[in-house]
**Q** 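Sharing a structure, written as structure tokens. Questions coming.
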Protein chains: 2
Amino acid sequence: MAAFTSKDVARLAGVSQSTVSYVMTGKRQISESTRRRVLAAMEQLTYEPHAGARALAGRRTQVVGLVVPFDSMSEMTGLLPFIETIASSARANDYEVLLVTADEGSAGLRRLAGRALCDAIIMMDIREQDERVHVAAALPIPVVLVGMPDDPAGLYCVDLDFDAAARIAVDELVDTGHDEAFVIGYPAAVTDRRLNFAGRFLRSVHRYAEVRGLPLTVLEPVEVGRAGAAAAVDHILAHRRPGRTGVVVPYNASIRPFLHALRARAVVPGRDLSLIGISTDHQAEDSEPPYTNISEEPRDVSRRAMKTLLWLLDPGPGVGHPPVDLVAPRLTRRGTVMPAPASAVRSS
Amino acid sequence: MAAFTSKDVARLAGVSQSTVSYVMTGKRQISESTRRRVLAAMEQLTYEPHAGARALAGRRTQVVGLVVPFDSMSEMTGLLPFIETIASSARANDYEVLLVTADEGSAGLRRLAGRALCDAIIMMDIREQDERVHVAAALPIPVVLVGMPDDPAGLYCVDLDFDAAARIAVDELVDTGHDEAFVIGYPAAVTDRRLNFAGRFLRSVHRYAEVRGLPLTVLEPVEVGRAGAAAAVDHILAHRRPGRTGVVVPYNASIRPFLHALRARAVVPGRDLSLIGISTDHQAEDSEPPYTNISEEPRDVSRRAMKTLLWLLDPGPGVGHPPVDLVAPRLTRRGTVMPAPASAVRSS
DNA sequence: GTGAAAGCGCTAACAG
DNA sequence: CTGTTAGCGCTTTCAC
């Protein structure tokens, strides 16, 4: 395997180099006979086109840049399904994936575009006010955001619909006759960095609670882990008013420690209070106990982000694409919400 | 920002294009004054060299390919620290990271090398007999394995020292006076694919148990999750002989469910039996309860893999590199191993 | 339908 | 110490 070039293929097939190129790209009609000879030659030489040369001449890299957060939290936060889905999705469309860590900030973006390392970028870990968003908007290549900054600067955004998640949570608690709700807020690592989803969820949950007349308390910040969860549980137990108490845990890494803290106090979710978590279904099902959850949909979000990106790279003839694409979460009941007492059922 | 070239930089600095190139690569002595002018020009134009052109002319991409497993398990198995560490490590050495999923098999490897997408490859998810290893060995670029196949085919391997892990586990149980040990084996997803680490651990644990006269039973396969863990615990409780029982859980995703199964049966690790897990310290510490563990060291393994790879790309003057580089795990006691009764202490 | 030839933007001899 | 020049392996006008 000594690195053949398209020239070698051309010679072996008895055609010109350009014909080889056109066979590969399909940008020209090629007679069936020559196409066959060319393909046979490529096969025989196990030819692979040189990506750099291709990028240089064709100004297309067939690479998408993926900007991911790699802080200490990401492991718990379920970053992997995003990466995985984007990788598969890219491969299915003949793209490679170049990984860049978010801590590079704007410099990483500039490098990706400036060096022509990729044709487009998917960026995660978006903050409410994110300087990178404006840098991204000025790049000569398309950028898709996973998340919604305050000002998208004209960029396409894909994410879970956290507003809908908040509405679903409030509705579920109200419809099952709860008298009060607590929200386990985000850890300082999230609020300090003003990650976009935290604000989106909290604003919405306040609004819907008010609309439906549900007294609501947000505990914040609540650190992920034993201590933070213990403090939160103790606070709730000490301060809750008489009646049915609901707890919403929107940050998935906080759910497990919260469940542990409840168990340690012999408080049973679904009996002594209600619990709704926002997490993947997989995590909710796998937990001990399984809990009623509003689904994060990392795979769906990633797929749509990839779809948007492909469309941006090659806008089809059809109508456009929505600039903001929010994936609707689903509620799955797993018994950690106390059912409505027969007397207290209200309609949603 | 209209995509400047090194020619533009050269003109602006009043030098030739090659001088610009030499300023960047440092492969030639450049007078301080011209170097300054060139750097100023690059700065002024926010110049970034075209990666494709560079790869084409310089036959160096400054990219490392990373082949990762993206099966259903990988999320639980702690893949992220590997990816993260390799990404940072690569960046620190001016390399980009191209992500390829293991399910592409040999084709992915051939593509990476054939298309000159990268200068070297790090491959994870190695099976005992892995066709990809032989393909990799024949590639014109270096490949580092994270894991140890039966036949490394001359490739450099970096991984945790599972033999040492087995020894440490057996020693700890024997030294604390245990009369018997069980090993919670790997799930079918691992054994079916003959992933290399499973065999390495199991062979060693058998050997050391025999050496130290510890009766040992390996339960296998044990599926990850509630059902598998429950079955394993029930089996152990039903079949264990009188005396002190130790349990070793080498597959980290199995540990949590195992702990749950114990708790559900009111069996307390550290009191009613002993438990040693193999997992990251972080996971062991964060678990409920924290458990005595033998450390997986994904970051250290990744760092060393990267180091080996860089050395392969540019063998320094010093002596060579060991072809197999095993990271020593550490035991951290967290109270899930019953301490030795005063009368039964034996020396290690 | 197919070829010939001119670059894409960089690196690395070869010259001085 | 610096400039000139010939490619690297593709894509893509032109031309037929």
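Proteins get letters first, then strands, A, B, ... in listed order; numbering begins at 1 in each.
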**Q** For DNA chain D, which residues in residues 48-63 of chain B have a heavy atom at a distance below 4.0 Å?
**A**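 Residues of residues 48-63 of chain B that come under 4.0 Å of DNA chain D are, in numerical order, B:Leu56, B:Ala57, B:Arg59.
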**Q** Between C1' on D:dG7 and CD on A:Gln17, what's the gap in Å once rounded to a whole number?
**A**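 My rounded result for the distance is 13 Å.
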**Q** Any side-chain N or O of A:Ser6 less than 4.0 Å from the OP1 or OP2 oxygen of D:dC10?
**A**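 Answer yes for this pair, as a side-chain N or O of A:Ser6 is under 4.0 Å from OP1 or OP2.
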**Q** Sort out for me which residue in B:Val64, B:Leu313, B:Leu155, B:Leu309 forms a side-chain contact (heavy atoms from CB on, under 4.5 Å) with B:Pro142.
**A**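 Going through B:Val64, B:Leu313, B:Leu155, B:Leu309 one by one, the side-chain contact (heavy atoms from CB on, under 4.5 Å) with B:Pro142 is satisfied by B:Leu313 alone.
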**Q** Tell me, yes or no, whether the heavy-atom count around B:Glu43 atom CD, taken from other residues, nucleotides or ligands under 6.0 Å, exceeds 12.
**A**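 Count not over threshold, so no.
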**Q** Take B:Lys307 and B:Asp325 through the test salt bridge (Lys or Arg N to Asp or Glu O under 4.0 Å) and record every step on the way to the result.
**A** CA-CA 11 Å; B:Lys307 208 168 127 194; B:Asp325 187 4; over 6 Å; no
**Q** Whole angstroms only, please: what is the CZ-C1' distance between A:Arg37 and C:dG3?
**A**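 The answer, rounded to whole Å, is 14 Å.
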**Q** Answer whether the closest heavy-atom distance between the side chains of A:Met306 and A:Val144 falls below 4.5 Å.
**A**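 Answer no - side chains too far apart.
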**Q** Check whether any side-chain N or O of B:Asn196 sits under 3.5 Å from a backbone N or O of B:Ile126 as a donor-acceptor pair, and report yes or no.
**A**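 Looks like yes, one N/O pair under 3.5 Å.
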**Q** How far does the helix from C:dG1-D:dC16 to C:dG16-D:dC1 bend, going by the axes of its first and last five pairs, to the nearest 10°?
**A**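 Rounded to the nearest 10 degrees, the bend comes out at 30°.
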**Q** Please verify the inter-ring angle class for B:Tyr156 with B:His321; under 30° counts as parallel, over 60° as perpendicular, anything in between as tilted.
**A**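 It falls in the tilted class, 30° to 60°.
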**Q** Measure the distance from CZ on A:Arg36 to P on C:dG1 and round it to the nearest whole Å.
**A**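 After rounding, the gap between these two atoms is 15 Å.
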**Q** Can a donor-acceptor pair be found, under 3.5 Å and without considering hydrogens, that links the side chain of A:Asn93 to the backbone of A:Tyr95?
**A**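 No, the answer is negative, given that no donor and acceptor are paired below the 3.5 Å cut-off.
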**Q** Kindly give the atom pairs (protein nitrogen or oxygen, nucleotide nitrogen or oxygen) under 3.5 Å for nucleotides 13-16 of chain D.
**A**
{"unit_1": "D:dC14", "atom_1": "N4", "unit_2": "A:Arg28", "atom_2": "NH2", "d": "3.2"}

**Q** Over how many whole Å does the gap from A:Met24 atom CE to D:dT12 atom C1' extend?
**A**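 Rounding to the nearest Å, CE of A:Met24 and C1' of D:dT12 are 15 Å apart.
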**Q** Provide, to the nearest angstrom, the distance between the CG atom belonging to A:Leu45 and the P atom belonging to D:dC10.
**A**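 For the pair A:Leu45 CG and D:dC10 P, the rounded distance is 12 Å.
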**Q** Rounded to the nearest angstrom, tell me the gap between atom CZ in A:Arg115 and atom P in C:dT11.
**A**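 Checked: the CZ to P distance equals 10 Å.
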**Q** Go through the side-chain N and O atoms of A:Ser88 and A:Thr85 and say whether any donor and acceptor fall under 3.5 Å apart.
**A**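 Looking only at side-chain atoms, A:Thr85 and A:Ser88 do not form any donor-acceptor pair under 3.5 Å.
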**Q** Using the closest heavy atom to pick a nucleotide of DNA chain D for each, name whichever of A:Thr19 or B:Ser16 lands nearer the 5' end.
**A**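 The residue mapped nearer the 5' terminus is B:Ser16.
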**Q** Round to a whole Å and report the spacing from NZ of A:Lys7 to P of D:dT11.
**A**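 After rounding, the gap between these two atoms is 14 Å.
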**Q** Rounded to whole Å, please give me the gap between CZ in B:Arg11 and P in D:dT2.
**A**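 Interatomic distance, CZ of B:Arg11 to P of D:dT2: 20 Å.
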